[in-house]
Amino acid sequence: MIFLYLALALYLSGVAVSSNKELSYWIAFAASISSLIAGMSAMINSFSSPGFSIMPGFSISVGLDATSGVFLVVASISYLALSFYSVDFGKLFSRKMAAWFNLSLFGMTLVIAAQDSVNFMIGWEVMTIGLFLQILERKDSYEDAFRFLAFGEASAMALIIGFAALFLSSGTVLIKAGVTATPFFLVMVTLGFMIKMDIFPFHTWITGAYSKAPSNTAALLSAPLTLMGVYGIVRALSIAGYSDWWGIGVMAFGAVSAFWGAMQAAAERSLKKLPAYSTVENNGIILTAIGLSAMAGASGSQPMMVLSRFAFLAALFVAFSHTAAKSLLFMSVGHAKESLQEESIDNVRGIWSNVGGIPAFGILTSGLSFSAFPPTIGFVGEWMILEALFQSYKFQGNAQRLLTAFAGILIALAIGLAAFSMIKLIGYTALGPDHGKKAHRFPSLKIRSSEVFLTALILLSGIFSPFLVKILGYSNFLGGLLAVPDPLLILSSNPIFGVVSPTMFVVVVGFLFIVPYLIYHRSAKKARRVQAWNGGQTLTEDEYFTVPAYSFILEYILRKVYRTKEKRMGYTVEVSNKDLAEYLYEVLDKFVRRLSYLVGRTIMNGKISLYILYIIIVFVLAFLL
Amino acid sequence: MIRAVGIAGGDQDKLMLHDGKKVWTTSEKSGDEWITGQLKLVADRDTGIRGQEVFGDGVFDFRYGPVTGGIIESGAYHLFTYGERILCVNVDWSYKRRNLESSAIGLGLQDALNVAESVCGNFAFSHSLAMSRAIESALSIEISPQLRKVRIIALELERVYNHIYVISQLASAAAQKVMVSHLQAIYEDLLRLNNDFFGSRFLRGFNGISGTTRPFNDEALIHLSRRLGNLSDRFEYLYERALESENFMDRLHDTATLDSDKAEKIGVTGPTLRATGVREDFRLQDPDYEGLRCATSQMGDSLARMEVRAEEVFESVEIISDMSGELKELRDSGIAPGAGNKSALDGSGSGIGYCESPSGLLAYIVELQRGKISSVYAATPSIFGFKAITESLLGNIFTDFPFAVESFGAYFADAAR
Amino acid sequence: MKWWPFYGLTRRLTERTRYAKDMTFPSASRIFRKSLHIYPIDVGNANDLNFDMRALQAPQYNIHRFGIFFADVPRHADVLLVLGRPTEKMVPVLLETVNQMPGPYSIVSIESERDRRDIESPGGVDIDNLQLPNLVAHITDYHEPRDIIAVLLNLMGKVN
């Protein structure tokens, strides 16, 4: 308990001492450690502060239970790495950044710790505003920052309506299992949280905001912020209970979102927009898993409860892997971006040699995690979601079966496309040929340390994922089979449906590949090295295969979905895609403009009498209500 | 010094001549932009062709060559693209430049013919024929009807094996393995036929000024036309079945399409022009080719070019058969082959010679001084073929590349000289 | 529907000629006894050698029965067939191609007799002056594909 208070207090003091950037980030780091400890202790023993009554029926408190403890631990790992990273990285940006950084972390911690809707909304708004102010850091980012804010406030509005409905039905502002909830509450808060999770079609703001924001902010936007949405949905579900229709609806959104994010990422050329769309994909996968969990849980029979629990475990794993890997990805990408001062994937090639091995390895590890490459944690998470979806035959209803099967197809496609886009990102940036671009040097010891920390975390948590399953309290999904000793095998169902053991994978691969390689390496003769074969000539600078060319064939085949346009104007050519979801907002935008014009002409047309009448009517209405 | 620029269509009246400053033409198109375009084309003919450059995000130069498994000849294609779509094509044949025109200066006539044959081995007889016609025209030598007919046989044989080669290359690009093997068998048999009757697989060293370097036996030629007829039947059998393969046809159909206006503007001749529906062939001007059908097709795509080539194979086989028969008739009626005027070989003068090579019209312009070459210029069909390739490839995608390039029958050796 | 395999078999296209000749150069490494991958590189010939490379793939010769195959890149090849007399611009390209060959490898230079004879003062570079490593044969009197097969069989230490 004390650590939670300490963390919240430290974040606030971090805002206060922001005149000293470095100190402010150090305080954020200390606060993250404190919140990590708080989360860990909550996983063992939940605790709660005494209620503080502001009005009759309005008793507010903070506290952590096992669920929020897990989420706080996951988020704190990201805070920890990001605040340490920002000690060095923050030097490139203004002092205000440190204040807003601390402020948004305070908001997020409060969201998780809130036990009532008032605290929750305070945390929610502080977090949104803190991040909004961070996006404003760069020039010409007003439009993107305001788009972020607009979506943030839309989310807040939906949440306020939802919580109001909850208050009406239960008579309390508490948000915990046991209070009576209506389906309307569930729909509204789900909408609010889905907007925060960048679920299709509420994701259009991400490309602008992620790419304009400094990388530590982008990491906050992508990893912990969307995690708050996941946490919110899990919390809302614990209040409202499992229901079939909710599961179906959420799963449809999740699966479409996963596919859409992966598809857009595959065609993306910008260094930070690609991870942005990957966020959409991963949150889609998480939402699908939660939806499946709810659908299976709603039936209540024993085998379905097992499936429900496994799907929930999958959601937790994907959420954890996404938070860790996306933080690392944005950190490494930001490191490279600031070193080379470039935006597009094409122009930051050869990070390995011109920026350094650590950021390159960070991009490599996180990219492999998103591509579901064993033994990373991402592999375990995505294996789990697919295994869960494969069990669609267990459902009784045809609608559930069909939907689950289709969701499985979309998720499988999404994972495939994610591998496609991540290979693009890794292949061009981390491992690409160095074009001799001079990297701009800045102190980066702490940046590197954070990158190493998360890289190790992704690999180790993947390798030792059976223990992670145990810590999360799902020991019934562990077992042993044949030569694999007991807790090292993860089972996707009970009785056994599918199994995987990343630990044994590492042992076997290590034995089969690495040992022979080492033996070979000792005895091998010195190899003659030649340049890549290219028609008998050295590749010149303008002959390298470019990033747009890598994905053009995909864009061309799916040109109806990508809205691919090939334009040729004289000497210049251009290929452009457009996210279909943007059309929706264009229509909305047009409608609002027309409406405001109409309203403006009829009411605020300069006639003072009409205007007074309008004020009186509004006043009377407000008074009556 | 007069130089040939280009030939629009097969009509020799449209031959354009220039000396670097002035342009002479008998064409009604004189003085228009066509000439300016041709001048530019010929000015760069030692290095290659550059297309309209493009810029944009992600546009890069996909170099194909100079050493690749796909194109055996040493030359490079630069395909500018943002991925798959071909936006601009540069062709670079400078790797193949051997300065053969200048190395012919000062040579005797037969040696000069040999140099002409070295320009492009698979068009060796066409080059030799055009050069010998230019020399014979410069020295006003009349040649015997027998020689004219033997030359036609050799020229048509060259056309047959070149066309079969092109079709087998197209089939190979479409992975029609069985067809490729059978076509290659026919192709190898044709080359052996050349060797048996003319002493060289590529018909080199046979042609001479006002005669041939080795005696020809018209009895044997009858035998040749019989063997050729057999090969033609085998080809027809394969070709008819190839046309039924949708797989194969689909790759050729609508690939690298060229319309007749564009083809004429480029100045391309031969099967490429005829595949756009234009009935132009230099052989139509030649009285020895009386009754030439002159195969044409309308679509102007790779498929149309293949159809024209296949039709020409059948027609050439018929021509060879007719010529062999006519040669026999000439002998039977007792007309001896004239030896030609040997004393004229030491003369001076200048002349132009043409012939319809397998890929289009080939022209030589020579100047002689006392029996030695003092100037030579070759207008080869491949330069125009490459120009057509660069124009027609635009907008196509990479996978169409072999189907487009092979169907034009343009060769770096022929263009680079 | 045509039974193409039977059609092919009944035609008996593969000829039974003895290609091997006595050669003065030693055969290459013993590892090529069963299979040999060749890569032709045109360095400026008159294109007839290139046309003969296609003819070499014809069923009459059926080089696969000897274990001879065409490679797609020099990196997969055991023997580099240098076709023609190198033009000056092709010399660096040729050297780079040789550099890409995996060991053990051999280089065979082939020039058509006619090309050498016809040009009294030939341009380009004499391949013997390039001091290419492992240049085992320099054929200057090339006539037809069986000349190449003879060299290759000799390299493999084979008599057909």
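Numbers restart at 1 for each chain; the letters A, B, ... are given by sequence-line order, proteins then strands. Owing to the predicted nature of the structure, the values given are computational and were not obtained by experimental measurement. Only heavy atoms go into these numbers, but all of them, side chains included; no hydrogens, no water, no symmetry mates.
Between chain B and the residues Glu96(C), Gln57(C), Arg54(C), Met90(C), the most heavy-atom pairs under 4.5 angstrom are made by Arg54(C). Between chain C and the options Asp189(B), Asp414(B), Asn195(B), the largest number of non-hydrogen pairs under 4.5 Å is found for Asp189(B). For the set Ile72(B), Leu183(B), Thr68(B), the entry with the most heavy-atom pairs within less than 4.5 Å of chain C is Ile72(B). Among Gln169(B), Arg192(B), Arg241(B), Glu244(B), the residue with the largest count of heavy-atom pairs under 4.5 Å with chain C is Arg192(B). Residue with the most contacts toward chain C among Ala104(B), Ala185(B), Ser181(B): Ala185(B) (heavy-atom pairs, distance under 4.5 Å).
Contacts between residues 155-165 of chain B and chain C, counted as heavy-atom pairs separated by less than 4.5 Å, involve Tyr161(B), Asn162(B), Tyr165(B).
Distance OG/Ser172(B) to CE/Met179(B): 11.0 Å, rounded to 0.5 Å. Glu15(C) CD to Gln60(C) CD: the interatomic distance, rounded to the nearest 0.5 Å, is 6.5 Å.
Counting heavy atoms of neighbouring residues, nucleotides and ligands inside a 6.0 Å radius, atom CG of Asp72(C) does not exceed 12 of them.
For the pair Arg234(B) and Tyr7(C), the NZ or CZ position fails the cation-pi test of under 6.0 Å to the six-membered ring centre and within 45 degrees of the ring normal.
Only the side chain of Tyr39(C) comes within less than 4.5 Å of a heavy atom in chain B; its backbone stays farther off. Residue contact with chain C, scored on non-hydrogen atoms closer than 4.5 Å, involves the side chain of Val178(B) exclusively. Within the 4.5 angstrom heavy-atom criterion, no atom of Val73(C) approaches chain B. With a 4.5 Å cut-off on non-hydrogen atoms, Tyr187(B) touches chain C through its side chain but not through its backbone. Both the backbone and the side chain of Glu144(C) come within contact range of chain B, each with at least one heavy atom under 4.5 Å from a heavy atom of that chain.
A donor atom on one side chain and an acceptor atom on the other are found under 3.5 Å apart for Asp92(B) and Ser94(B).
For Tyr411(B) and Phe123(B), the ring centers are positioned less than 6.0 Å apart. Checked against a 6.0 Å centroid threshold, the rings of Phe32(C) and Tyr105(C) do not count as neighbours.
Between Phe386(B) and Trp93(B), the ring-plane angle classifies as tilted under the 30° and 60° cut-offs.
Nearest heavy-atom pair, Cys120(B) versus His127(B), reported as atom, atom and distance to 0.1 Å: CB-NE2, 4.1 Å.
Checked against Thr97(C) for a side chain to side chain contact (heavy atoms under 4.5 Å, CB included), the options Leu80(C), Val43(C), Val82(C) give a single hit: Leu80(C).
Here the side chain of Asn90(B) pairs no donor or acceptor atom with the backbone of His78(B) at under 3.5 angstrom.
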